[in-house]
Trainee: 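Below is a structure I'd like to ask you about.
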Amino acid sequence: MVNSEAHAPQQLGAVSVLVGVYAAAMVGTIVVLAVMASMAPEEATDEAWGHALIVMFFAILLLVRLRSARSGSTRAVRALGIIATAVLVVNLVEAALPGVFPGWMRVEMMAIALWMSVLLILVRRAAGR
(Lines give C-alpha, C1' and ligand atoms only; values in the text may rest on other atoms or scores of the structure.)
Protein backbone atom coordinates (compact mmCIF):
# COMPACT_ATOMS: atom_id res chain seq x y z
CA MET A 1 0.00 0.00 0.00
CA VAL A 2 1.42 3.37 -0.99
CA ASN A 3 0.56 6.53 0.88
CA SER A 4 1.97 9.40 -1.13
CA GLU A 5 1.34 12.02 1.56
CA ALA A 6 2.71 10.11 4.56
CA HIS A 7 6.37 10.62 3.68
CA ALA A 8 6.76 13.55 1.38
CA PRO A 9 10.22 13.83 -0.22
CA GLN A 10 11.11 16.89 1.88
CA GLN A 11 10.67 14.82 5.08
CA LEU A 12 13.36 12.46 3.80
CA GLY A 13 15.81 15.13 2.66
CA ALA A 14 18.35 14.56 5.44
CA VAL A 15 17.88 10.80 5.12
CA SER A 16 18.64 11.09 1.41
CA VAL A 17 21.85 13.00 2.10
CA LEU A 18 23.00 10.48 4.72
CA VAL A 19 22.27 7.50 2.48
CA GLY A 20 23.98 9.15 -0.50
CA VAL A 21 27.11 10.01 1.48
CA TYR A 22 27.16 6.50 2.98
CA ALA A 23 26.97 4.95 -0.49
CA ALA A 24 29.77 7.22 -1.74
CA ALA A 25 31.89 6.31 1.29
CA MET A 26 31.42 2.61 0.59
CA VAL A 27 32.54 3.09 -3.01
CA GLY A 28 35.52 4.96 -1.58
CA THR A 29 36.29 2.02 0.70
CA ILE A 30 36.39 -0.35 -2.27
CA VAL A 31 38.75 2.04 -4.07
CA VAL A 32 41.00 2.34 -1.00
CA LEU A 33 41.11 -1.46 -0.68
CA ALA A 34 42.06 -1.79 -4.35
CA VAL A 35 44.93 0.67 -3.89
CA MET A 36 46.03 -0.99 -0.66
CA ALA A 37 45.98 -4.42 -2.29
CA SER A 38 48.94 -3.34 -4.39
CA MET A 39 50.68 -0.94 -2.01
CA ALA A 40 50.04 -2.43 1.45
CA PRO A 41 48.49 -5.89 1.04
CA GLU A 42 48.56 -6.54 4.79
CA GLU A 43 45.94 -3.75 5.15
CA ALA A 44 43.67 -5.19 2.42
CA THR A 45 42.87 -8.51 4.06
CA ASP A 46 40.28 -11.00 2.85
CA GLU A 47 38.15 -10.06 5.86
CA ALA A 48 38.37 -6.37 4.93
CA TRP A 49 37.28 -7.16 1.35
CA GLY A 50 34.41 -9.31 2.60
CA HIS A 51 33.19 -6.60 4.94
CA ALA A 52 33.53 -3.90 2.27
CA LEU A 53 31.53 -5.88 -0.29
CA ILE A 54 28.79 -6.62 2.22
CA VAL A 55 28.42 -2.99 3.32
CA MET A 56 28.46 -1.96 -0.35
CA PHE A 57 25.52 -4.32 -0.90
CA PHE A 58 23.69 -2.65 2.00
CA ALA A 59 24.47 0.79 0.54
CA ILE A 60 22.81 -0.26 -2.72
CA LEU A 61 19.87 -1.72 -0.81
CA LEU A 62 19.48 1.54 1.13
CA LEU A 63 19.48 3.53 -2.13
CA VAL A 64 16.80 1.28 -3.62
CA ARG A 65 14.58 1.47 -0.53
CA LEU A 66 15.14 5.23 -0.29
CA ARG A 67 13.77 5.64 -3.80
CA SER A 68 10.59 3.81 -2.79
CA ALA A 69 10.38 5.75 0.48
CA ARG A 70 10.63 9.04 -1.40
CA SER A 71 7.73 7.84 -3.53
CA GLY A 72 5.64 7.53 -0.38
CA SER A 73 6.03 3.88 0.59
CA THR A 74 5.61 3.44 4.33
CA ARG A 75 7.07 -0.07 4.04
CA ALA A 76 10.20 1.34 2.41
CA VAL A 77 10.63 3.83 5.26
CA ARG A 78 10.36 0.94 7.71
CA ALA A 79 12.88 -1.03 5.62
CA LEU A 80 15.33 1.89 5.81
CA GLY A 81 15.14 1.69 9.59
CA ILE A 82 15.62 -2.07 9.63
CA ILE A 83 18.62 -1.89 7.28
CA ALA A 84 20.19 0.95 9.29
CA THR A 85 19.76 -1.07 12.49
CA ALA A 86 21.33 -4.17 10.94
CA VAL A 87 24.31 -2.22 9.58
CA LEU A 88 24.73 -0.48 12.95
CA VAL A 89 24.79 -3.74 14.92
CA VAL A 90 27.01 -5.62 12.47
CA ASN A 91 29.58 -2.81 12.40
CA LEU A 92 29.69 -2.56 16.20
CA VAL A 93 30.11 -6.31 16.60
CA GLU A 94 32.76 -6.59 13.87
CA ALA A 95 34.70 -3.58 15.18
CA ALA A 96 34.83 -5.26 18.60
CA LEU A 97 36.34 -8.49 17.24
CA PRO A 98 40.01 -8.45 18.20
CA GLY A 99 42.56 -8.92 15.43
CA VAL A 100 40.10 -9.69 12.63
CA PHE A 101 40.15 -6.39 10.73
CA PRO A 102 42.89 -3.84 10.07
CA GLY A 103 42.87 -0.84 12.41
CA TRP A 104 41.79 1.64 9.73
CA MET A 105 38.73 -0.49 8.95
CA ARG A 106 37.78 -0.78 12.62
CA VAL A 107 37.76 3.02 12.81
CA GLU A 108 35.62 3.11 9.67
CA MET A 109 33.23 0.57 11.20
CA MET A 110 32.75 2.76 14.26
CA ALA A 111 32.12 5.76 12.02
CA ILE A 112 29.58 3.77 10.02
CA ALA A 113 27.87 2.69 13.25
CA LEU A 114 27.59 6.32 14.31
CA TRP A 115 26.36 7.26 10.82
CA MET A 116 23.69 4.54 10.97
CA SER A 117 22.60 5.74 14.44
CA VAL A 118 21.93 9.20 13.01
CA LEU A 119 20.20 7.68 9.99
CA LEU A 120 18.03 5.54 12.25
CA ILE A 121 16.97 8.57 14.31
CA LEU A 122 16.05 10.52 11.16
CA VAL A 123 14.15 7.57 9.67
CA ARG A 124 12.20 7.08 12.89
CA ARG A 125 11.30 10.79 12.91
CA ALA A 126 10.15 10.57 9.28
CA ALA A 127 8.11 7.45 10.05
CA GLY A 128 6.44 9.18 13.00
CA ARG A 129 5.14 12.07 10.90
Side-chain angles (χ1 to χ4, degrees):
M1 174 185 243
V2 174
N3 182 350
S4 59
E5 293 182 6
H7 304 288
Q10 65 270 17
Q11 292 176 335
L12 294 171
V15 170
S16 298
V17 170
L18 286 174
V19 169
V21 172
Y22 171 69
M26 295 310 94
V27 170
T29 298
I30 300 290
V31 170
V32 166
L33 278 169
V35 170
M36 284 184 169
S38 65
M39 299 183 76
E42 68 281 357
E43 295 294 321
T45 64
D46 289 342
E47 292 82 5
W49 275 105
H51 174 79
L53 293 174
I54 290 168
V55 293
M56 187 67 218
F57 167 78
F58 279 110
I60 293 167
L61 190 58
L62 280 169
L63 288 168
V64 169
R65 298 315 298 161
L66 176 62
R67 182 176 176 191
S68 295
R70 289 181 61 83
S71 296
S73 171
T74 303
R75 290 178 63 157
V77 173
R78 224 173 291 132
L80 287 171
I82 291 167
I83 296 164
T85 301
V87 172
L88 166 68
V89 171
V90 166
N91 276 278
L92 286 176
V93 169
E94 287 186 341
L97 296 173
V100 178
F101 296 97
W104 71 270
M105 185 164 263
R106 292 164 65 101
V107 170
E108 181 190 48
M109 289 173 178
M110 295 304 294
I112 291 170
L114 179 60
W115 200 257
M116 289 299 116
S117 297
V118 174
L119 180 61
L120 185 57
I121 290 166
L122 292 174
V123 166
R124 292 190 85 189
R125 283 185 185 163
R129 291 183 179 179

Trainee: In terms of hydrophobic clusters joined by side-chain contacts under 4.5 Å, are L12 and V118 together?
Mentor: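 Per the 4.5 Å side-chain linkage, L12 and V118 are co-clustered.
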
Trainee: So Y22 and L119, do their side chains get closer than 4.5 Å, heavy atoms only?
Mentor: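 The answer is no, as the side chains (C-beta and beyond) never meet within the 4.5 Å cut-off.
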
Trainee: Is it true that I82 and F57 fall in one hydrophobic cluster, defined by side-chain heavy atoms closer than 4.5 Å?
Mentor: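 No; F57 is not reachable from I82 via cluster members.
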
Trainee: On a heavy-atom basis, which atom in A59 and which in A23 lie closest, and how many Å separate them?
Mentor: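 Scanning both residues completely, I find the closest heavy atoms to be CB-CA, 3.8 Å.
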
Trainee: Any side-chain heavy atom of M110 within less than 4.5 Å of one from N91?
Mentor: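 No. Closest side-chain heavy atoms not under 4.5 Å.
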
Trainee: At their closest point, which heavy atom of A69 faces which heavy atom of V77, and how far apart are they?
Mentor: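 Heavy atoms of A69 and V77 come nearest at CB-CG2, 3.7 Å.
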
Trainee: In this structure, would V90 and I54 fall into the same cluster of hydrophobic residues linked by side-chain contacts under 4.5 Å?
Mentor: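 Hydrophobic grouping puts V90 apart from I54.
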
Trainee: Where do L120 and G81 come nearest, in terms of heavy atoms and distance?
Mentor: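 Where L120 meets G81 most closely, the heavy atoms are CD1-O, 3.5 Å.
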
Trainee: Please say yes or no: joined through hydrophobic side-chain contacts below 4.5 Å, possibly via intermediate residues, are M109 and I83 part of one cluster?
Mentor: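 Each belongs to a different hydrophobic cluster.
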
Trainee: With F101, which of H51, E108, E43 fulfils side-chain contact (heavy atoms from CB on, under 4.5 Å)?
Mentor: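 That would be H51; it is the only one of H51, E108, E43 passing the side-chain contact (heavy atoms from CB on, under 4.5 Å) with F101.
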
Trainee: Looking only at heavy atoms, what is the nearest atom pair of S68 and A76, with distance?
Mentor: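 Closest approach of S68 to A76, heavy atoms only: CB-CB, 3.5 Å.
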
Trainee: Mind checking the CE-CD1 spacing from M105 to I112? Nearest 0.5 Å is all I need.
Mentor: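 Output value for this atom pair is 7.5 Å.
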
Trainee: So, the side chain of R106 versus the backbone of L97: is there a donor-acceptor pair under 3.5 Å, distance only?
Mentor: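 Yes, the answer is positive, given that a donor and an acceptor are paired below the 3.5 Å cut-off.
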
Trainee: Roughly how far apart are L80 CG and M116 CE, rounded to 0.5 Å?
Mentor: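 Rounded to the nearest 0.5 Å, the CG-CE separation comes out at 10.0 Å.
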
Trainee: Step by step, work out the side-chain contact (heavy atoms from CB on, under 4.5 Å) result for F58 and L61.
Mentor: CA-CA 5 Å; F58 279 110; L61 190 58; 4.2 Å; yes

Trainee: How many angstroms lie between CH2 in W104 and CG in L33, if you round to the nearest 0.5 Å?
Mentor: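 So the gap between those two atoms works out to 4.0 Å.
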
Trainee: Are the side chains of V55 and T29 in touch, meaning some heavy atoms are under 4.5 Å apart?
Mentor: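 Result no, sub-4.5 Å side-chain heavy-atom pair not found.
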
Trainee: Taking atom CE of M26 and atom CD1 of I60, what is their separation to the nearest 0.5 Å?
Mentor: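 One gets 12.0 Å once the value is rounded to the nearest 0.5 Å.
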
Trainee: Report whether V19 and L114 are members of the same hydrophobic cluster (ILVMFWY, side-chain heavy atoms less than 4.5 Å apart, transitive linking).
Mentor: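 No, V19 and L114 fall in different hydrophobic clusters.
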
Trainee: Mind checking the CZ-CZ spacing from R65 to R75? Nearest 0.5 Å is all I need.
Mentor: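 That separation rounds to 7.5 Å.
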
Trainee: Of all heavy-atom pairs between S16 and R70, which one has the smallest distance, and what is that distance?
Mentor: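 Between these two residues, the closest heavy atoms are OG-NH1, 3.0 Å.
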
Trainee: Going by heavy atoms in the side chains, are W49 and I30 under 4.5 Å from each other?
Mentor: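 W49 vs I30: side chains touch.
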
